[in-house]
Amino acid sequence: MNSLPPSFIVKDDVKRALRLDQPVVALESTVLTHGLPHPTNLALGRDMEAAVHADGATPATIAVLHGTIRVGLTDDELVEVAETSAMKISRRDFAAAIAKKASGGTTVAGTMFAADKVGIKVFATGGIGGVHKEGRFDVSTDLQALASTQMIVVCAGAKSILDLPSTLEMLETLGVPVLGYGTDEFPAFFSRSSGFKTSARVDSPQEVAEFARAHWEIGMSSAVLVCQPISEADEISREEIDPIEEQASREAQEQKISGQALTPFLLQRVNELTNGKSMRANISFLLNNAHLAAQIAKAMVPPLKIRAL
Ligand code: PSU
Ligand code: MN
């Protein structure tokens, strides 16, 4: 961490944990700035940090505040992120935010960039971006980040607002292992099943850690994507959610919503159309993913040191 650029600020407890090789879990913040309404977003941000702590790891929520990239937020800073209408920061947006001294929530790709810079190896999120149905070239930078960052990313799969088969094909093309946690099937976010297969199955945090070690020890440079299905209690059936997601997608096309605005629009519409049920489901698996990520981070200790001959 000695050569960090000046625009980075790492919170003291995160710095200490990293120096001592203790488990750390990165958390994203676009879900706070663009995924959930206030004050639910703040409660969720706090609860995700508490979930990571409860399982014995140090949480590092990542965001940009007044032009500095923060790895780990104080509670006051978390309040600020949750309250301000901020930028959505993916990889290409950091420089704009730094130059303008702006604030923003980091996407999966943005969070992976900052986490990787400081040496964090495990990251919990809700859903990754992917190939959209609405635009031929709307493919999330999240996929590129997964292709090129050695990190374990815990998610609940991808939403069926995305083109799931194309997203999975892209992950295969990019060499990203897609692991089902306790399942052989790729989970579809709100629903436990999607009808699509994962590339491998794992059943414990230790197995995830062993898989990641093997992947990186042989020199692979891609992430390991761990997909944990939503709990049965909070699941929304595909019969119920699919038509709603289709409607949201139709509306986005009618209203010509594209680019960065598309994912937040779809999330919000699906939430409105399910009367908040999708948001409750979202919160449920975000917390489950934070717990699992902490357990995986613990299983990754001692960290992998790749030696040359
Ligand atoms: N999917 C969700 N909730 C989210 C996101 C995706 O269910 O909050 C956010 C994540 O931060 C993800 C980003 O990285 O949206 C993807 O945006 P885009 O499709 O514009 O790359
Ligand atoms: Mn996009």
Side-chain angles (χ1 to χ4, degrees), residues 26-37 40-41 44-45 48 61-64 81-82 86-94 104-115 123-147 149 151 153-164 166-167 170-171 176 187-191 194 223 225 227-230 234 236 241 244-245 248-249 252-253 256-271 274 277-290:
L27 301 170
E28 64 144 314
S29 50
T30 290
V31 67
L32 306 179
T33 55
H34 292 74
L36 297 169
T40 309
N41 60 350
L44 188 268
M48 281 189 81
T61 303
I62 293 178
V64 178
V81 168
M87 290 171 69
K88 171 173 162 181
I89 300 180
S90 199
R91 288 168 108 90
R92 73 171 180 180
D93 310 303
F94 278 105
T106 48
T107 64
V108 168
T111 305
M112 288 176 76
F113 164 76
F123 166 34
T125 182
I128 57 162
V131 181
H132 273 283
K133 291 171 177 164
E134 293 82 3
R136 265 176 72 209
F137 288 103
D138 191 346
V139 179
S140 176
T141 321
D142 291 357
L143 297 184
Q144 189 55 49
L146 288 164
T149 316
M151 191 169 292
V153 180
V154 181
C155 70
K159 264 204 203 63
S160 36
I161 54 171
L162 297 174
D163 178 343
L164 289 187
S166 302
T167 301
M170 277 290 282
L171 287 166
V176 179
F189 215 73
F190 299 125
S191 324
S194 66
L225 187 63
C227 305
Q228 172 169 243
I230 185 170
D234 293 315
I236 309 177
I241 200 76
I244 287 173
E245 293 189 329
S249 170
Q253 278 166 295
K256 300 206 174 4
I257 291 166
S258 62
Q260 272 202 324
L262 181 58
T263 298
F265 173 86
L266 293 170
L267 292 174
Q268 196 194 328
R269 268 316 271 152
V270 169
N271 187 39
T274 59
K277 194 169 168 187
S278 70
M279 192 171 78
R280 287 191 293 279
N282 213 329
I283 289 169
S284 155
F285 59 65
L286 279 161
L287 292 177
N288 285 347
N289 292 349

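Source: prediction; values computed, not measured. The analysis underlying the following values was restricted to heavy atoms, covering all of them including side chains, and did not include hydrogens, waters or symmetry mates. Indexing begins at 1, ligand by ligand and atom by atom, following the structure's order. Each residue takes its place number in the sequence, starting with 1.
When hydrogens are left out, the protein atom nearest atom 3 (N) of ligand 1 is Leu267 CD1, 3.4 Å; that is the closest non-hydrogen contact. Atom 6 (C) of ligand 1 has as its closest protein heavy atom Gly127 O, 3.5 Å. In terms of protein heavy atoms, atom 21 (O) of ligand 1 is closest to Ser140 OG, 2.7 Å. What sits closest to atom 20 (O) of ligand 1 on the protein, heavy atoms only, is Lys88 NZ, 2.8 Å. Lys159 NZ, 3.2 Å is the protein heavy atom nearest to atom 2 (C) of ligand 1.
If you take CE on Met112 and OG1 on Thr125, they are separated by 10.5 Å, rounding to the nearest 0.5 Å. Here Ile236 contributes atom CD1 and Lys277 contributes atom NZ; the two are 5.5 Å apart, rounded to the nearest 0.5 Å.
Restricting Asp138 to its N, O or S atoms, the one at the least distance from the Mn ion (ligand 2) is OD1.
Looking at ligand 1, you won't find any N or O of Gly35 less than 3.5 Å from one of its N or O atoms. Taking distance alone, with nitrogen or oxygen atoms compared against 3.5 Å, Thr107 stays at or beyond that limit from ligand 1. The N/O atoms of Gln260, backbone and side chain alike, include none that comes under 3.5 Å of an N/O atom in ligand 1. Ligand 1 has no N or O atom lying under 3.5 Å from any N or O atom of Asn282, backbone or side chain.
Defined by atom type and a distance below 3.5 Å, a donor-acceptor pair is missing between the side-chain atoms of Ser249 and His132.
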